[in-house]
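In what follows, chains are A, B, ... by sequence order, proteins preceding strands, each numbered from 1. The figures that follow rest on heavy atoms only: side chains count, while hydrogens, waters and symmetry mates do not.
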Number of protein chains: 2
Amino acid sequence: MRSELSEPTVYRLCVVLRILEELRSKQIVISSSELSKYTNTTAYTLRKDFSLLSGVASSKSGYDIENLIFCIKSKLDIGIAKYAAIAGLGRIGMAILNYTDSRIKGYDIVAGFDASVNKLETLHTDIPLYPAYDIEDIVRELKIKLAVIAVPADKAQEIALRFIKGGVEGIINFAPVIIKTDVDTVYIKNIDLVTEFNFLSSIVKTKGE
Amino acid sequence: MRSELSEPTVYRLCVVLRILEELRSKQIVISSSELSKYTNTTAYTLRKDFSLLSGVASSKSGYDIENLIFCIKSKLDIGIAKYAAIAGLGRIGMAILNYTDSRIKGYDIVAGFDASVNKLETLHTDIPLYPAYDIEDIVRELKIKLAVIAVPADKAQEIALRFIKGGVEGIINFAPVIIKTDVDTVYIKNIDLVTEFNFLSSIVKTKGE
DNA sequence: ATCAATCTGTGAAAAGTTTCACAGATAAAA
DNA sequence: TTTTATCTGTGAAACTTTTCACAGATTGAT
């Protein structure tokens, strides 16, 4: 008896969760209207989202932050560790890895991959590193469910395929190329600066007239 | 007499544009169903999107790629140069800058900012660099409309404010923190790994049962 | 020249999402 | 204690977006 949440709702809840975890040390409660200033959404919509959770505690000053964090996490099953891996240990890959160490809790990055065996020997990281041709096996063996791709554009499609064959369920792709897939057992999120630039520039133009 | 496109449509068109520019050297035509494999969308939806453009040329084998690129660009006014800037010249910032040089056409990154004057003197880039405290003035002076933020988390909010005061219309934020704004003259897109991880892991879980 | 296969194009229906209006609740001030 | 201001919670309405069904068009094969 799990009532489903819509995809936009899930995304907004993830953003809100992120904000709350940033704010938890600074304040106790927060109102829906203040929260809306952090998101591209209205207070109405956030309230409606929260109404789909259970056990939310609020008062005239707003929502109890700790309680709301707990409710969102329970509903979304966040906090149950999922194994993740990263492919491509160049500038972006290493930036993500380092930033990750300290910040992403609940996600265990358990493997790094790179095509250059040379690089694998030189790098010093907290996680085990493997050559890229082992992706499929390692993913299967370690039950890795999420992958981050930060390899050069011309390798991204092939690397994605190996992850998919190994059985990952989600991919975040930072390579400047859009990855294609035939299956729909995997959700691919492309993070592409060119696309974002074009989108931003299109909608700001539209808003302004 | 400009018929407005919805935000989801604009975003999909930006993604499609990106794909087409990748594919233009490899093939002449593409069908809506093949395109849909690159996006998290159906062929129906893409066809409907294209029906909102004007001058689209198609045949039984699909859409003419060059023509479609042209139609999307015209409708979205993409290709008209907008000035952009980047703040934070650490690992991510420099990665973006380098990746950018060769790839983002139509956007002139005309300024880089960093808090460390020391760093500004050491770095060798193709674009002029300025200290972070000059953001507001330089943005105004150079008519910069888009900003990329890649500074440490605790500085991002303040840097964003300076860009906004200077008059930018859109911000892409890579700092691992959600930026807040009171005004709605600026569109902020936060690209946050933690949020993406949580979202991915929530929706793949949901899909699988 | 005809047929079969496979595209696109689009109005209408369906589904999904957001907004609104207002009732109810609570905290702080008078 | 009463009032006032300011929250949340939510059903219903409004709006938006996607899906569908099928007509029309084009290509290639026979």
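In this structure, B:Ala132 and B:Ile159 approach most closely via the heavy-atom pair CB-CD1, 4.3 Å.
Rounded to whole Å, the distance from CZ on A:Arg12 to C1' on C:dT19 is 12 Å. Look at CG on B:Leu35: it is 19 Å from P on C:dT6, rounded to the nearest Å. Atom CG of A:Asn40 and atom P of C:dT17 are 18 Å apart (whole Å). Atom C1' of nucleotide C:dC7 and atom CZ of B:Phe50 are separated by 14 Å, given to the nearest angstrom. The nearest whole Å value for the distance from the CD atom in B:Glu34 to the C1' atom in C:dT6 is 14 Å.
For the OP1/OP2 pair of C:dT17 and a distance below 4.0 Å, the side-chain nitrogens and oxygens of A:Ser6 include at least one atom meeting the criterion.
The aromatic rings of A:Tyr130 and A:Phe113 sit tilted relative to each other, their planes meeting at an angle between 30° and 60°.
At the heavy-atom level, B:Ser33 lies nowhere under 4.0 Å from the strands shown. The residue A:Tyr63 sits close only to the backbone: its heavy atoms come under 4.0 Å of sugar-phosphate atoms, none of a base. When heavy atoms are screened at a 4.0 angstrom cut-off, A:Ser32 is found touching the sugar-phosphate backbone but no base atom. At the heavy-atom level, A:Thr41 lies nowhere under 4.0 Å from the strands shown.
Ion pair B:Glu21/B:Lys73 flagged as a salt bridge, since at least one NZ, NE, NH1 or NH2 atom sits closer than 4.0 Å to an Asp/Glu carboxylate oxygen.
Counting non-hydrogen atoms of neighbouring residues, nucleotides and ligands closer than 6.0 angstrom, the NZ atom of A:Lys155 reaches no more than 12 such neighbours.
Side chains of A:Ser6 and A:Thr9: a donor-acceptor N/O pair is present below 3.5 angstrom, by distance only.
For A:Ser61, counting side-chain heavy atoms from C-beta on, the closest listed nucleotide (C:dA12, C:dA27, C:dT19) is C:dA27.
The side-chain heavy atoms of A:Leu53 and A:Leu13, taken from C-beta on, include a pair separated by under 4.5 Å. When side chains are defined from C-beta on, A:Val56 does not count as touching A:Asp64, because their heavy atoms never get closer than 4.5 Å.
Comparing A:Ser59 and B:Lys48 by the nucleotide of DNA chain C that holds the closest heavy atom to each, the one mapping nearer the 5' end is B:Lys48.
When DNA chain D is scanned 5' to 3' for any atom under 4.0 Å from a heavy atom of chain A, the first and last hits are D:dT6 to D:dA12.
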